K.L.:
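Just dropping this structure here.
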Amino acid sequence: MRDLGAGFGHLLKGQRWVARHGRSYGFGLVPGLITLVLYVGVLVALALWGEDFVGWATPFADDWSSPWLGLFRGFLTAVLFALALLLAVLTFTAVTLLVGQPFYEALSERVDRDVSPDGTAPESDLPLWRELWISGRDSLRIVVRAALWGVLLFALGFIPVVGQTVVPVIGFFVTGFFLTEELTAVALQRRGVELRERLALLRSRRMLVWGFGTPLGVSFLVPFVAVFLMPGAVAGATLLARELLGEETRDDADDRTGNDPADPAVSPGPPPRH
C-alpha cells in the first residue's frame, strides 16, 4: 500500500512542478491541444454520421420490420460511439506523446536536471527521426494491447452485476497501467530502456504504477482535463521513472523558489551534460 501512495505522490509532484514552472507548462500544453482538436473532430463526425455508417454496414437488416430495425441499428450506433470514447481515453496519451515528442522530451529533461543531484539529465544519442519511429512503433504496440483489453472489458460489461461493478474497476486499473507506460516511456526511452524492459519494470511495481496511473485515468474521463494535466503527468512520470530505476532524486530547489530552469533569465547557463 505504501507504493500506492508513492505513485499518487509522484502524480501530485509532477503537477506541482509544472505549476511552478509556467513556461514549461505552457510549452507542454501545445501537443494536447492539437490532439484534442483531432479527437473532437472524429467524435463529432461519428456522432453526426455514425448512424449512416451503421446502416451502410448492415444492409441485411434493411427489410426488418419496425421497431426491430431501429432498435438494432440504434444499439449498434451506441456501441460504436461507446467504443470510440473508450479508445479515445486509452489512446489519447499515446497520440499526444507522439505528436508532442520534442515538447515532452524537453520537458522531461528539464525535470531530470532539476531533481538530479548533479544537475544533469540522461540524453538520447539517437536522431529525432529515429526517436519518433521508436516512439510510434512502441505506442502502436501499446495501443493494440490496450484496445484488446478494452474490447474484452466491454464484452464482460454485459455480465449481470459483475459487469456493472467489478469490470469498471478493473478497467480503471488497466487504463492506469497503460497510461503510466506511455508517460514513463518519455524518460525511459531517453535512457535506452526498451519496451519489454519498461513493461517488466512496471509490472515489478504494480502498486506504484496504479497509484500514479489510475487516478490520472479517472480524471482523463472528464472532457478537456487530459489536455491540462498532460504536462504535469509527463513531469510526474519522469520522477516515477527515476524511482523505478533507483536513481537518486533531490528536493527541487527551483520548485521552492518558483524559478523555471528553462528561463534564460534565471539560468546562469546550460547545465552540464553527459
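Keep in mind the model is a prediction, meaning the values are calculated, not measured.
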K.L.:
Could you tell me whether the side chain of L201 reaches within less than 4.5 Å of the side chain of E197, counting heavy atoms only?
P.N.:
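With C-beta onward as the side chain, the pair stays apart.
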K.L.:
Is there a path of hydrophobic side-chain contacts, each under 4.5 Å between heavy atoms, that joins V166 and V169?
P.N.:
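Per the 4.5 Å side-chain linkage, V166 and V169 are co-clustered.
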K.L.:
Does a salt bridge link R141 with E181, judged by any charged N lying under 4.0 Å from a carboxylate O?
P.N.:
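No, R141 and E181 are not salt-bridged.
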K.L.:
Check this for me: does any side-chain nitrogen of one of R206 and D3 sit under 4.0 Å from a carboxylate oxygen of the other?
P.N.:
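Result for this pair is no, no salt bridge flagged.
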K.L.:
Okay, side chain of Y25, backbone of P231: is any donor-acceptor separation there less than 3.5 Å?
P.N.:
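Checked: no pair found.
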K.L.:
Should the heavy atoms of other residues, nucleotides or ligands under 6.0 Å from OH of Y39 be counted, would the total exceed 12?
P.N.:
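Yes.
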K.L.:
Less than 4.0 Å between a side-chain N and a carboxylate O, is that true for E248 and R242?
P.N.:
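No, no charged N to carboxylate O under 4.0 Å.
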K.L.:
With a 4.5 Å limit on heavy-atom distance, are the side chains of S116 and D112 in contact?
P.N.:
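No, their side chains stay 4.5 Å or more apart.
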K.L.:
Does any non-hydrogen side-chain atom of L244 lie less than 4.5 Å from one of L208?
P.N.:
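Result yes, sub-4.5 Å side-chain heavy-atom pair found.
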K.L.:
For E247, look at atom CD and say whether over 12 heavy atoms of other residues, nucleotides or ligands are found less than 6.0 Å away.
P.N.:
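Above 12, so yes.
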K.L.:
Do R20 and D114 meet the salt-bridge criterion of a basic N to acidic O distance under 4.0 Å?
P.N.:
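R20 and D114: not salt-bridged.
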K.L.:
Which pair of heavy atoms, one from G32 and one from Y104, lies closest together, and at what distance?
P.N.:
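Shortest heavy-atom contact: N-OH, 3.9 Å.
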K.L.:
So, for F212 and A233, which heavy atoms are closest and what is the spacing to 0.1 Å?
P.N.:
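The answer is CZ-O, 3.5 Å.
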K.L.:
Can you tell me how far OG1 of T120 sits from CD of E109, rounded to the nearest 0.5 angstrom?
P.N.:
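With rounding to 0.5 Å, CD (E109) is 10.5 Å from OG1 (T120).
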K.L.:
Run R198 and E194 through salt bridge (charged side-chain N to carboxylate O under 4.0 Å, His left out) and show every step you take.
P.N.:
CA-CA 6 Å; R198 296 202 300 266; E194 298 291 337; 5.9 Å; no
K.L.:
State whether the side chain of T238 and the backbone N or O of V234 hold a donor-acceptor pair below 3.5 Å, judged by distance alone.
P.N.:
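Judged by distance alone, yes, a pair lies under 3.5 Å.
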K.L.:
Say whether, by atom type as modelled, one donor and one acceptor occur between the side chain of R191 and the main chain of A187 under 3.5 angstrom.
P.N.:
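Yes.
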K.L.:
Once the angle between the rings of W64 and F72 is folded into 0 to 90°, is it parallel (under 30°), tilted (30 to 60°) or perpendicular (over 60°)?
P.N.:
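Rings of W64 and F72: tilted, as their planes differ by 30° to 60°.
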K.L.:
Are the side chains of R205 and E243 in touch, meaning some heavy atoms are under 4.5 Å apart?
P.N.:
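Of all side-chain heavy-atom pairs linking E243 with R205, at least one is under 4.5 Å.
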K.L.:
Could you go through F8 and L4, starting from their C-alpha distance and side-chain angles, then the distance that decides it, and tell me whether this counts as side chain to side chain contact (heavy atoms under 4.5 Å, CB included)?
P.N.:
CA-CA 7 Å; F8 186 64; L4 201 64; over 6 Å; no
K.L.:
Just by distance, do the side chain of T175 and the backbone of G171 share a donor-acceptor pair under 3.5 Å?
P.N.:
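Confirmed, T175 side chain pairs with G171 backbone.
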K.L.:
How long is the straight-line distance from CG of L245 back to OG1 of T184, given to the nearest 0.5 Å?
P.N.:
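Rounded to the nearest 0.5 Å, the OG1-CG separation comes to 9.5 Å.
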K.L.:
Taking atom CG of L179 and atom CG of L11, what is their separation to the nearest 0.5 Å?
P.N.:
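These two atoms lie 10.5 Å from each other.
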K.L.:
For the CZ atom on F81, are there more than 12 heavy atoms of other groups (residues, nucleotides or ligands in this structure) within a distance under 6.0 Å?
P.N.:
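Result for CZ/F81: enclosed.
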K.L.:
Do the non-hydrogen side-chain atoms of V37 and L33 ever get within less than 4.5 Å of each other?
P.N.:
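Counting from C-beta outward, V37 and L33 never come under 4.5 Å.
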K.L.:
Measure the CG-CZ distance between L199 and R203 for me, rounded to the nearest 0.5 Å.
P.N.:
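Reported value, rounded in 0.5 Å steps: 5.0 Å.
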K.L.:
Let me confirm one number: the CG-CD1 distance from L29 to I34, rounded to the nearest 0.5 Å.
P.N.:
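Reported to 0.5 Å precision, the distance equals 11.0 Å.
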K.L.:
Find the distance between CG (L183) and CE (M230) and round it off to the nearest 0.5 Å.
P.N.:
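So the gap between those two atoms works out to 5.5 Å.
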K.L.:
Within the structure provided, determine whether L240 and K13 are in side-chain contact (heavy-atom separation under 4.5 Å).
P.N.:
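They are not in contact (no side-chain heavy atoms under 4.5 Å apart), so the answer is no.
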K.L.:
Write out all pairs satisfying side chain to side chain donor-acceptor pair (under 3.5 Å) with one or both partners inside residues 26-38, taking only residues at least two apart or from two chains.
P.N.:
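For residues 26-38: T35-T96.
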K.L.:
With under 30° as parallel and over 60° as perpendicular, where do the rings of W17 and H21 fit, or are they tilted in between?
P.N.:
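Parallel, since the angle between the ring planes stays under 30°.
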K.L.:
Indicate yes or no: at least one non-hydrogen side-chain atom of W210 is less than 4.5 angstrom from one of F172.
P.N.:
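No - every pair of side-chain heavy atoms lies 4.5 Å or more apart.
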K.L.:
Among pairs that include at least one residue of residues 70-85, which meet salt bridge (charged side-chain N to carboxylate O under 4.0 Å, His left out), considering only residues two or more places apart or in two chains?
P.N.:
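Counting only pairs at least two positions apart or across chains, the salt bridge (charged side-chain N to carboxylate O under 4.0 Å, His left out) contacts touching residues 70-85 are D62-R73.
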